[in-house]
Amino acid sequence: MSGNERVALVTGASRGIGKAIALGLAERGFDLVLNDIAVQGATLEDTAVEARAYGGRVIALYADVSNKAQVQAMVAEAVAQMGTLHAVVNNAGILRASDVEHCPEDYWDSVMDINAKGTFLVVQAVLPVMKAQGYGRICNISSIGGKHGAPEQAHYSASKAAVMGFTRVLAQEVGPFGITANCICPGIILTDMGRVNLDDPTISNAWKAKTAMARIGDPADVAGPVAFFCSDDSAFVTGQTLNVDGGIVLS
Ligand SMILES: NC(=O)c1ccc[n+]([C@@H]2O[C@H](COP(=O)([O-])OP(=O)(O)OC[C@H]3O[C@@H](n4cnc5c(N)ncnc54)[C@H](O)[C@@H]3O)[C@@H](O)[C@H]2O)c1
């Protein structure tokens with residue numbers, strides 16, 4: 001299937017890694033459905049304008065990925081406007097730092113709701129479309145934090161480990177329908193989320209020292225590996241997690 005016949009949905013696409021993924025897919029010929037929450041409207045529209053410069057069709061749809069009704073409506077609208085969905089990138093996510101002892105219950109709930117349940121709800125909504133066409137590419141953005149994690153991120157780590165476990169079983173269920181499901185685990189990437197730590201040069205330098213490539217990641221570093229999982233080059237790759245971290249977690 002050539003680039004300009006494919007339609008991809010990217011959640012949390014207004015900024016950071018999601019925006020870089022969207023532009024990376026646009027550059028490779030994908031038509032795009034860009035999602036974010038309504039308060040990100042202006043920045044999502046900016047992403048859409050940049051993506052359209054590559055020549056494909058691009059629409060922006062607002063939905064909270066943790067809300068089933070909004071997700072179902074978003075996917076129905078995407079299919080109505082774009083005809084179908086070939087690829088989905090579950091990128092929307094949040095990080096609310098706290099140690100376990102003092103972690104407010106709503107930190108746990110919101111992080112699990114958006115990072116883990118949001119991935120499930122989007123996948124659940126797109127599966128009938130992908131099964132009907134016998135083709136699909138699902139790429140879930142987990143984190144190296146879901147593998148070993150860091151202090152004050154136990155709930156975040158749990159949510160990202162949930163995404164990996166979910167993806168491994170999903171791959172087994174949907175493989176017979178021509179659908180692949182894989183995870184990307186970004187490392188330390190300079191975004192609004194990453195900046196929480198990286199603005200402190202001591203912490204930033206410590207991460208560089210732990211990274212084989214000796215630098216902090218750029219959002220664009222994640223786009224190519226995601227595009228691989230969204231393409232036919234990965235047709236026989238499923239149930240996998242790929243670290244995109246410049247060499248922090250070596251396996
Ligand atoms: N930055 C890093 O170092 C890093 C490392 C590993 C994994 N990740 C993961 O990569 C993904 C993107 O992170 P980022 O660093 O670009 O963060 P970011 O905060 O810059 O961007 C996250 C995007 O998700 C959107 N979003 C949040 N809640 C949403 C919801 N309920 N529905 C729809 N959209 C929602 C936000 O509005 C924002 O546009 C996240 O899943 C994050 O956990 C980031």
Side-chain angles (χ1 to χ4, degrees), residues 9-24 33-48 60-71 73-75 88-97 107 109-122 125 139-150 153 155-164 166-167 183-199 203-204 207-208 210-211 215-223 225-226 241-246 248-249:
L9 165 65
V10 183
T11 67
S14 75
R15 68 185 192 195
I17 293 171
K19 177 176 181 176
I21 290 168
L23 296 181
V33 179
L34 303 182
N35 153 267
D36 215 295
I37 44 179
V39 293
Q40 291 294 110
T43 45
L44 190 64
E45 290 301 332
D46 287 346
T47 304
L61 296 176
Y62 301 98
D64 175 346
V65 295
S66 68
N67 181 305
K68 181 169 181 170
Q70 290 184 28
V71 168
M74 170 181 71
V75 170
V88 170
V89 183
N90 282 298
N91 165 80
I94 62 167
L95 168 64
R96 302 175 82 186
Y107 277 31
D109 287 343
S110 58
V111 167
M112 293 300 287
D113 273 359
I114 293 172
N115 297 0
K117 190 174 85 172
T119 298
F120 154 67
L121 289 176
V122 173
C139 181
N140 296 327
I141 306 301
S142 179
S143 171
I144 62 166
K147 294 187 168 179
H148 70 93
Q153 296 183 12
H155 47 314
Y156 179 80
S157 178
S159 74
K160 293 299 188 178
V163 169
M164 283 185 266
F166 172 75
T167 305
C183 278
I184 294 282
C185 291
I188 307 301
I189 312 291
L190 189 55
T191 64
D192 286 83
M193 183 188 288
R195 207 163 273 127
V196 173
N197 288 322
L198 297 174
D199 278 345
I203 297 175
S204 181
W207 277 116
K208 283 182 202 166
K210 285 182 187 171
T211 306
R215 67 173 175 86
I216 301 300
D218 184 87
D221 289 321
V222 184
V226 170
T241 64
L242 176 63
N243 300 330
V244 181
D245 65 355
I248 299 173
V249 178

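Numbering of ligands and ligand atoms starts at 1, following listing order. FYI, side chains are in, hydrogens and waters are out, and symmetry mates aren't considered; it's all heavy atoms of this structure.
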Return the option from [options] holding the heavy atom at the smallest distance from [atom].
{"atom": "atom 29 (C) of ligand 1", "options": "Ile37, Thr43, Ile188, Thr191", "result": "Ile37"}
{"atom": "atom 17 (O) of ligand 1", "options": "Gln40, Met193, Gln70", "result": "Met193"}
{"atom": "atom 22 (C) of ligand 1", "options": "Gly194, Gly93, Ser142", "result": "Gly93"}
{"atom": "atom 39 (O) of ligand 1", "options": "Ile17, Asn90, Asp36", "result": "Asp36"}
{"atom": "atom 24 (O) of ligand 1", "options": "Ala38, Ser143, Ala20, Gly12", "result": "Gly12"}

Please could you name the atoms of ligand 1 that [X] approaches to less than 4.0 Å, counting only its heavy atoms?
{"X": "Ala63", "value": "32 (N), 33 (C)"}
{"X": "Ala92", "value": "24 (O), 33 (C), 34 (N), 35 (C), 41 (O)"}
{"X": "Asp192", "value": "20 (O)"}
{"X": "Gly16", "value": "16 (O)"}

Without swapping roles, check the side chain of [X] against the backbone of [Y] for a donor-acceptor pair under 3.5 Å.
{"X": "Ser157", "Y": "Gln153", "value": "no"}
{"X": "Asn91", "Y": "Gly12", "value": "yes"}
{"X": "Thr241", "Y": "Cys183", "value": "no"}

Heavy-atom pair of closest approach, residues [X] and [Y]:
{"X": "Ser14", "Y": "Gln40", "value": "OG-NE2, 2.8 Å"}
{"X": "Trp207", "Y": "Leu198", "value": "CD1-CD2, 4.2 Å"}
{"X": "Ser142", "Y": "Met164", "value": "OG-CE, 3.4 Å"}

Considering heavy atoms of the protein only, find what lies nearest to [atom] and give residue, atom and distance to 0.1 Å.
{"atom": "atom 21 (O) of ligand 1", "answer": "Arg15 NE, 3.5 Å"}
{"atom": "atom 31 (N) of ligand 1", "answer": "Asp64 OD1, 2.8 Å"}
{"atom": "atom 8 (N) of ligand 1", "answer": "Tyr156 OH, 3.5 Å"}
{"atom": "atom 3 (O) of ligand 1", "answer": "Ile189 N, 2.9 Å"}
{"atom": "atom 32 (N) of ligand 1", "answer": "Val65 N, 3.1 Å"}

statement: dist Asn140:CG -> Thr119:OG1 (nearest 0.5 Å) comes out at 5.0 Å
message: Distance check, rounded to the nearest 0.5 Å: Leu44 atom CG versus Arg15 atom CZ?
response: 12.0 Å
message: Would Asn115 and Ser159 count as a side-chain hydrogen bond (donor to acceptor under 3.5 Å, both in side chains) here? Give the steps.
response: CA-CA 6 Å; Asn115 297 0; Ser159 74; 3.1 Å; yes
Report the part of [X] in contact with ligand 1, treating N, CA, C, O as backbone and CB onward as side chain, heavy atoms under 4.0 Å; options are side chain, backbone, both, neither.
{"X": "Ile114", "value": "side chain"}
{"X": "Asn35", "value": "side chain"}
{"X": "Pro219", "value": "neither"}

Looking at ligand 1, does any of its N/O atoms fall within less than 3.5 Å of an N/O of [X]?
{"X": "Ile94", "value": "no"}
{"X": "Gly187", "value": "yes"}
{"X": "Asn91", "value": "yes"}

message: Quick check: do Ile141 and Ile21 have side-chain heavy atoms less than 4.5 Å from each other?
response: yes
- prompt: Less than 4.0 Å between a side-chain N and a carboxylate O, is that true for Arg215 and Asp221?
  reply: yes
query: Any chance NZ of Lys68 has more than 12 other-residue heavy atoms, nucleotides or ligands included, within less than 6.0 Å?
result: no
message: Using the side-chain contact (heavy atoms from CB on, under 4.5 Å) definition, which of the options Asn35, Val71, Val89 pairs with Val122?
response: Val71
Give a yes/no verdict on whether any heavy atom in [X] is under 4.0 Å from an atom of ligand 1.
{"X": "Ser14", "value": "yes"}
{"X": "Cys185", "value": "no"}
{"X": "Lys160", "value": "yes"}
{"X": "Gly145", "value": "no"}

query: Should Ser110 and Arg96 be marked as a side-chain hydrogen bond (donor to acceptor under 3.5 Å, both in side chains) after you check the CA-CA gap, both sets of side-chain angles, and the distance that decides it?
result: CA-CA 9 Å; Ser110 58; Arg96 302 175 82 186; 2.8 Å; yes
